[in-house]
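All chains are named by letter (A, B, ...) in the order of the sequence lines, taking the proteins before the strands, and each is independently numbered beginning at 1. These numbers come from the heavy atoms of this one structure, side chains and all, not from hydrogens, waters or symmetry mates.
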Amino acid sequence: MSLIIYNVLKREKEPFRPIVEGRVFMYVCGPTVYDHAHLGHAKTYVSFDAIVRWLRYSGYKVRYVQNITDVGHMLDDGEDRILKGARRERVEPMELVERYMRSYFEDMDALGVVRPDISPRASAHIPEQIEMIQTLIEKGHAYVVNGSVYFSVESDPDYGKLSGRRLEEMEAGKRIAVRDEKRHPMDFALWVKAPENHILQWPSPWGRGYPGWHIECSAMSTKYLGANFDIHGGGIDNIFPHNEAEIAQSECAHGVPFANYWVLTGSLLVNGVKMSKSLGNFVTIKDALKSHRPEALRYFILSGKYSNPADYSAEALDAASKGVERIDAAVRRVRDALKHAPESGDEGTRGQLMNLLDQTRMLFASAMNDDFNTPLALAALFDMSKEINHAISSGIATRQVLEQALAIYTELGGDVLGVVRSRAAPSTTADSEREVALIEILIEMRNEARKARDYARADAIRDRLAKLGIVLEDGPKGTSWRIAS
RNA sequence: GGCGACGUGGCCAAGUGGUAAGGCAAGGGUCUGCAAAACCCUGAUGCGUGGGUUCGAUUCCCACCGUCGCCUCCA
């Protein structure tokens with residue numbers, strides 16, 4: 001079974017053929033770190049996390065590079081976002097960058113997003129960017145004006161191939177006053193001359209200045225992945241001008257194709273419009289994590305296709321929490337059942353169940369291999385849960401079956417999608433060990449009350465524990481407990 | 001205006017030229033002292049609207065309506 005990817009560059013699904021057998025070189029546009037990350041960022045990076053995890057699970061050796069933009073990302077008025085943020089918080093630009101870069105990694109760690117293999121910073125790759133700009137000038141694709149350097153879009157016949165735009169058509173829609181030093185209104189800055197007292201500036205062959213936003217991704221992806229690499233990812237909202245500019249710069253400088261596959265994620269919407277900083281309609285990841293488990297946020301994101309837009313609402317997140325809880329409950333039951341599972345059972349039944357589990361793995365794999373169809377992959381886990389629950393209820397699940405089911409939850413639900421916690425909440429600290437013991441004492445007392453038919457007392461214990469977020473569940477084999485999600 | 005995406009049961013969301021996965025919510029039932037969890041049952045004669053192609057379309061084509069993204073602020 002082989003992987004098929006929807007390639008935005010071709011506008012169609014195509015089989016994935018890596019440049020080097022067994023390896024994947026992948027770049028994803030990272031955040032500009034001038035403020036806390038919100039759920040829109042979470043959608044993109046959780047989506048790519050699932051993609052990378054699946055590639056690795058499939059046996060590929062992946063090098064995953066995701067940049068940190070800490071210079072060069074301009075606002076409409078030409079001011080650098082980092083400088084504006086630094087002024088707002090009255091700190092050094094690099095202090096601001098450090099603050100929000102840490103915040104970003106904290107959020108990603110909390111969401112269980114596996115860290116990229118390399119997280120290069122734009123400000124740490126100024127020489128590489130300058131070198132690339134020089135190459136572009138030498139090859140006639142860029143020109144110097146008053147200490148700034150612009151990329152000449154007319155010098156690139158392929159310009160617009162990713163976003164499907166043509167230069168002639170774009171001129172009509174421009175909304176920004178064009179700097180008259182540009183030769184063509186669509187030309188974009190590779191290097192910007194710094195005003196006198198500009199805080200962020202570096203020496204260059206063209207005088208002191210700072211790099212444009214797009215060139216960093218070209219320079220850094222080339223450095224760590226090569227001029228031609230496998231997959232380039234990002235949010236669809238950056239398809240133009242950013243991704244388009246990356247392609248133009250890279251291909252004009254190196255004369256080889258840039259990324260072979262373009263994988264872009266749909267935007268996160270709120271009430272039908274994009275969640276964004278500028279609209280102020282955003283929910284930070286930190287805030288969302290105050291009321292929802294990371295697995296619930298991941299489930300919310302992965303229950304739709306990465307390429308489609310998703311609509312955020314508090315209700316949607318609640319529904320996701322319930323969904324993830326259903327899987328969790330099933331995993332708990334399997335773990336419990338494993339404690340007293342029969343070693344052997346009816347051979348025919350056992351074979352049927354093992355078949356079902358194989359089927360689950362197959363369905364999951366074919367879903368993920370079909371352009372990373374995570375919602376369909378999740379459905380495979382739900383279908384399995386239903387069958388396994390049934391098998392446990394009717395006592396026909398043998399140890400072998402349960403172990404295999406648990407392996408599926410752990411590997412596919414946990415390692416690949418990250419919606420199943422890797423194990424039951426660990427109780428490693430002294431405090432929590434004591435807490436567990438106390439809960440067990442209370443359960444014992446309650447069960448004594450139940451035996452004595454003192455239900456008022458039994459219910460009181462259950463209710464009070466529930467208020468603390470501890471849920472009791474009475475089963476045929478005793479009472480179990482869990483922390484409410 | 002240009003480019004792109006989308007419109008599937010109350011909500012979310014897969015999918016296919018041959019008769020609609022899954023989740024949430026709802027109703028009924030089994031289990032339980034009561035719950036919880038779990039399991040069983042119920043629900044779109046229809047997949048934006050109107051045409052067309054076809055033996056047959058939700059799936060292909062055309063038109064229209066609506067929503068969203070991008071067109072140098074944003075993952």
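Under 4.0 angstrom from either OP1 or OP2 of A25(B) there lies at least one side-chain N or O belonging to Lys322(A). In this structure, Arg326(A) reaches the C39(B) phosphate: one of its side-chain N or O atoms is under 4.0 Å from OP1 or OP2. The phosphate of A37(B) has neither OP1 nor OP2 within less than 4.0 Å of any side-chain N or O from Arg332(A). Contact between the side-chain N/O atoms of Lys274(A) and the OP1/OP2 oxygens of C70(B) is found at a separation under 4.0 Å. Checking the phosphate oxygens (OP1, OP2) of G33(B), no side-chain nitrogen or oxygen of Lys451(A) falls inside 4.0 Å.
Taking for each of Leu268(A) and Glu387(A) the nucleotide of RNA chain B with the nearest heavy atom, the 5'-most of the two is the partner of Glu387(A). Both Leu39(A) and Arg450(A) lie near RNA chain B, and the one whose nearest nucleotide falls closer to the 5' end is Arg450(A).
Taking only side-chain atoms of Arg482(A), from C-beta outward, the nucleotide of A36(B), C70(B), A38(B) with the closest atom is A36(B). Ranking G4(B), A75(B), G69(B) by closeness to the Arg11(A) side chain, first place goes to G4(B). Proximity note for Asp237(A) (side chain, C-beta onward) versus A5(B), C70(B), A21(B): the nearest is C70(B). In this structure, the nucleotide among A21(B), A75(B), C74(B) sitting nearest to the side chain of Leu376(A) is A21(B). The side chain of Trp213(A) approaches C74(B) more closely than any other nucleotide in the set C71(B), C39(B), C74(B). Distance from the side chain of Arg446(A) is smallest to G33(B) among G23(B), G33(B), A75(B). In the set C74(B), A75(B), A21(B), A21(B) carries the atom at the smallest distance from any side-chain atom of Ala379(A). Checking G69(B), A14(B), U72(B) against every side-chain atom of Met186(A), the shortest atom distance belongs to U72(B). The side chain of Lys386(A) has C40(B) as its nearest neighbour among C34(B), G69(B), C40(B). Ranking C40(B), C70(B), G22(B) by closeness to the Phe240(A) side chain, first place goes to C70(B).
Ser278(A) comes within 4.0 angstrom of a base, heavy atoms only. Within 4.0 Å of Tyr455(A), counting heavy atoms only, lies at least one base atom of the nucleic acid. Gly40(A) comes within 4.0 angstrom of a base, heavy atoms only. Residue Leu269(A) is in sugar-phosphate contact alone, with no base atom involved, counting any heavy-atom pair closer than 4.0 Å across all strands shown. Using a 4.0 Å heavy-atom cutoff across all strands shown, Leu279(A) reaches no nucleic acid atom at all. Here Leu472(A) lies in heavy-atom contact (under 4.0 Å) with a base. Across all strands shown, Gly475(A) has no heavy atoms under 4.0 Å from either base or sugar-phosphate atoms.
Distance Ile327(A) CD1 to G22(B) C1': 10 Å, rounded to the nearest Å. For Asn308(A) and C68(B), the CG to P distance is 16 Å, given to the nearest whole Å. Following rounding to the nearest Å, Glu325(A) (CD) and A36(B) (C1') show an atom-to-atom distance of 11 Å. Remark: C1' of G15(B) and CG of Asp383(A) are 14 Å apart, rounded to the nearest angstrom. If you measure from atom CZ of Arg333(A) to atom C1' of C31(B), you get 11 Å, rounded to the nearest angstrom. Atoms CZ (Arg453(A)) and P (G33(B)) sit 9 Å apart, rounded to a whole Å. A straight line from CH2 of Trp481(A) to C1' of A37(B) spans 16 Å, rounded to a whole angstrom. U8(B) atom P lies 17 Å from atom NZ of Lys305(A), rounded to whole Å.
Of the nucleotides present, G52(B) is the one that pairs with C60(B) by Watson-Crick or G-U wobble criteria, both distances under 3.5 Å. A21(B): no Watson-Crick or G-U partner with both key distances under 3.5 Å is found in any strand. Nucleotide C31(B) is matched to nothing when pairs are restricted to Watson-Crick or G-U wobble geometry with both distances under 3.5 angstrom. Under the Watson-Crick or G-U wobble criterion, with both distances below 3.5 Å, G43(B) has no partner in any strand shown. With both pairing distances under 3.5 Å, A37(B) is matched to nothing as a Watson-Crick or G-U wobble pair. Both distances falling under 3.5 Å, in either a Watson-Crick or a G-U wobble arrangement, place G69(B) opposite C3(B).
Judged by distance alone, with hydrogens and angles left aside, Arg166(A) brings no side-chain donor or acceptor close enough to the base of C3(B) to form a pair under 3.5 Å. Side-chain N/O atoms of Arg462(A) and base N/O atoms of C34(B) include a donor-acceptor pair closer than 3.5 Å. Asp459(A) contributes a side-chain N or O that forms a donor-acceptor pair with the base of G33(B) under 3.5 Å. Looking at Asp474(A), its side chain comes within 3.5 Å of the base of C34(B) through a donor and an acceptor atom.
The aromatic rings of His232(A) and Tyr27(A) are tilted relative to each other, their planes meeting at an angle between 30° and 60°.
When ring centroids are compared, Tyr100(A) and His36(A) come within the 6.0 Å threshold. Aromatic ring centres of Phe48(A) and Tyr306(A) lie farther apart than the 6.0 Å criterion allows.
Spacing of P atoms, G15(B) relative to U42(B), comes out at 26 Å, to the nearest Å. Comparing A44(B) with U54(B), their C1' atoms are spaced 25 Å from each other, to the whole Å. Rounded to a whole angstrom, the distance from the P atom of G10(B) to that of G66(B) is 23 Å. Separating the P atom of C64(B) from that of A25(B) is a span of 42 Å, rounded to the nearest Å. Comparing G43(B) with C60(B), their P atoms sit 28 Å apart, to the nearest whole Å. A distance of about 32 Å separates the C1' atoms of C71(B) and U59(B), rounded to the whole Å. Taking the P atoms as reference points, C24(B) lies 25 Å from C34(B), given to the whole Å. Separating the C1' atom of A37(B) from that of A75(B) is a span of 38 Å, rounded to the nearest Å.
Interatomic distance, SG of Cys217(A) versus CD of Gln249(A), reported as 9.0 Å (0.5 Å rounding).
Under the 3.5 Å distance criterion, the side-chain polar atoms of Lys43(A) are matched with a main-chain donor or acceptor of Gly266(A). With hydrogens and angles ignored, the 3.5 Å screen pairs no side-chain donor or acceptor of Thr69(A) with any backbone N or O of Thr32(A). Side-chain N or O atoms of Ser303(A) include one that pairs as donor or acceptor with a backbone N or O of Phe300(A) at under 3.5 Å. Proximity of a side-chain donor or acceptor of Glu244(A) to a complementary backbone N or O of Gly160(A) within less than 3.5 Å is detected.
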Do Phe229(A) and Tyr224(A) pass the ring-ring contact (aromatic ring centres under 6.0 Å, His included) test, and can you show the C-alpha distance, the side-chain angles, and the key distance before you say yes or no?
CA-CA 10 Å; Phe229(A) 57 93; Tyr224(A) 299 112; over 10 Å; no
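Looking at Arg121(A) and Asn67(A), their side chains never bring a donor and an acceptor atom within 3.5 Å of each other.
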